[in-house]
**Q** 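Here you go, one structure.
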Amino acid sequence: MYEYQFPAIPNDWKISKQMLKVIEESQEMQRAADEHEIIMETLDVIHACETLLRKFDKETVDALHESVIEKNEVRGYYNA
């Protein structure tokens, strides 16, 4: 089951607008100049992604979360 790390942000944005927010935060992360900024911007990306995920049915998110873990296990990402 996917556990959200950040509180929900109530908004009525459409999925496409929230996707653009994820891109915007990712671009800010790319421009980060030092470790502190990189961490802060990375957390902003995660928060924006979680806000996007909350726009979908929780059961679907949970199921696909498990699928991503399984896919990455098969690829050996967790055994490195």
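The analysis underlying the following values was restricted to heavy atoms, covering all of them including side chains, and did not include hydrogens, waters or symmetry mates.
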**Q** So do E41 and D44 actually touch side chain to side chain, heavy atoms under 4.5 Å?
**A**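 A side-chain contact under 4.5 Å exists here.
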**Q** The criterion is side chain to side chain donor-acceptor pair (under 3.5 Å); which residues satisfy it with S67, sequence neighbours excluded?
**A**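 Here no residue qualifies.
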**Q** If you measure from CG on L20 to CD1 on I15, what distance do you get to the nearest 0.5 Å?
**A**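 Result: 12.5 Å between the selected atoms.
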**Q** Quick check against the 3.5 Å criterion: does Q18 have a side-chain atom that pairs as donor or acceptor with the backbone of A48?
**A**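 Judged by distance alone, yes, a pair lies under 3.5 Å.
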**Q** What are the two closest heavy atoms between I69 and Y78, and how far apart are they?
**A**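 Closest approach of I69 to Y78: O-CE1, 3.3 Å.
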**Q** Would you say the side-chain atoms of H47 pair up with the backbone N or O of T42, donor to acceptor, closer than 3.5 Å?
**A**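 Pair absent, no side-chain N/O of H47 close to backbone of T42.
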**Q** Under the criterion side-chain contact (heavy atoms from CB on, under 4.5 Å), I'd like the reasoning laid out for Y77 against K71: C-alpha separation, chi angles, the key distance, then a yes or no.
**A** CA-CA 9 Å; Y77 292 167; K71 173 186 72 174; over 6 Å; no
**Q** To the nearest 0.5 Å, tell me how far E25 CD sits from I46 CD1.
**A**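 The CD1 atom of I46 is 11.5 Å from CD of E25, to the nearest 0.5 Å.
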**Q** What distance separates M29 CE from E37 CD, expressed to the nearest 0.5 Å?
**A**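 Result: 12.5 Å between the selected atoms.
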**Q** Can you run down the salt bridge (charged side-chain N to carboxylate O under 4.0 Å, His left out) pairs that involve residues 59-68, sequence neighbours left out, and say none if there aren't any?
**A**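 Passing the test, one end in residues 59-68: K58-D62.
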**Q** Going by heavy atoms in the side chains, are V22 and M19 under 4.5 Å from each other?
**A**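 Of all side-chain heavy-atom pairs linking M19 with V22, none is under 4.5 Å.
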**Q** Among residues at least two apart in sequence or on other chains, which ones pass side chain to side chain donor-acceptor pair (under 3.5 Å) with Y2?
**A**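 So Y2 forms a side chain to side chain donor-acceptor pair (under 3.5 Å) with E50.
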**Q** Do the side chains of E3 and M1 get nearer than 4.5 Å, heavy atoms only?
**A**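 Yes - at least one pair of side-chain heavy atoms lies under 4.5 Å apart.
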**Q** Quick check on the hydrophobic clustering: are L52 and V45 connected, directly or via other members, by side-chain heavy-atom contacts under 4.5 Å?
**A**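 As far as the 4.5 Å side-chain criterion goes, V45 and L52 are not connected within one cluster.
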**Q** Starting at CD of E28, measure out to CD1 of I38 and round the result to the nearest 0.5 Å.
**A**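 Taking CD in E28 and CD1 in I38, the distance rounds to 13.5 Å.
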**Q** List in chain and number order the residues that pass ring pair (Phe, Tyr, Trp, His ring centres under 6.0 Å) with F56, two or more places apart in sequence or in another chain; answer none if no residue qualifies.
**A**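 Result, ring pair (Phe, Tyr, Trp, His ring centres under 6.0 Å) vs F56: none returned.
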**Q** To the nearest 0.5 Å, tell me how far F6 CZ sits from R54 CZ.
**A**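 Atom-to-atom, F6:CZ and R54:CZ are 10.0 Å apart.
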**Q** Looking at every non-hydrogen atom in both residues, tell me the closest pair between V61 and L53 and how far apart they are.
**A**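 Closest approach of V61 to L53: CG2-O, 3.7 Å.
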**Q** By side chain to side chain donor-acceptor pair (under 3.5 Å), which residues pair with D57, not counting sequence neighbours?
**A**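 Here the qualifying residues are T60.
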**Q** OH/Y4 to SG/C49 distance, rounded to the nearest 0.5 angstrom?
**A**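 Atom-to-atom, Y4:OH and C49:SG are 11.0 Å apart.
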**Q** Partners of K55 by side chain to side chain donor-acceptor pair (under 3.5 Å), sequence neighbours excluded?
**A**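 If we apply the side chain to side chain donor-acceptor pair (under 3.5 Å) test to K55, skipping adjacent residues, the hits are N11.
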